[in-house]
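Remarks on the structure that follows.
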Amino acid sequence: MIDPVEIPKAPFWTVSRFCSVVIVAAEFRLASLLVGADQFDPKIASFVLAPSLIGMLCIWFPKELNRLREYVGGEQVVEGRSQQELLYYAGWIVLFLPFLLWMLLNPSAI
């Protein structure tokens, strides 16, 4: 018998999940173009992508991350949906951070 907790309640590929994957792929491509094909280093690309992947996790799994915070946070836990929404929107900000920094550092590219 299947555990009802394990059954997903929504489709896996939502619009926000698909867009976040496209944005992370674009950031990886942008990092490779900025460095150049002959000097491309996967270690540098991983430093660029690490914040983006953290943002993508916040977009994909806000409820699970909020539940994890309850385990780590100790006895004082604030219940509510606002923490999940905060994680979701903070994930989008972190995901767009490399693009925003690139636009600030290269005003001629805009």
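The structure presented is a predicted model; accordingly, all values stated were derived computationally and were not measured. Starting from 1, each residue takes its place in the sequence as its number. What's counted below: heavy atoms across the whole structure, side chains too, no hydrogens, waters or symmetry copies.
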For a quick test of your reading: what N or O donor-acceptor pairs under 3.5 Å do the side chains of residues 52-61 make, sequence neighbours left out?
{"residue": "S52", "atom": "OG", "partner": "E27", "partner atom": "OE1", "Å": "2.2"}
{"residue": "W60", "atom": "NE1", "partner": "S20", "partner atom": "OG", "Å": "2.9"}

Check the hydrophobic clustering (I, L, V, M, F, W, Y; side-chain heavy atoms under 4.5 Å; chains of links allowed) and say if [X] and [Y] are grouped together.
{"X": "F18", "Y": "V21", "value": "yes"}
{"X": "L100", "Y": "Y89", "value": "yes"}
{"X": "L95", "Y": "V22", "value": "yes"}

Working to the nearest 0.5 Å, report the span between CG of L65 and CG of L87.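 Spacing of CG (L65) from CG (L87) equals 6.0 Å.
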To the nearest 0.5 Å, tell me how far E85 CD sits from K63 NZ.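 Answer for the CD-NZ pair, E85 versus K63, is 13.0 Å.
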Would you call the rings of W92 and F96 parallel, tilted or perpendicular, taking 30° and 60° as the class edges?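 The rings of W92 and F96 lie parallel, inter-plane angle below 30°.
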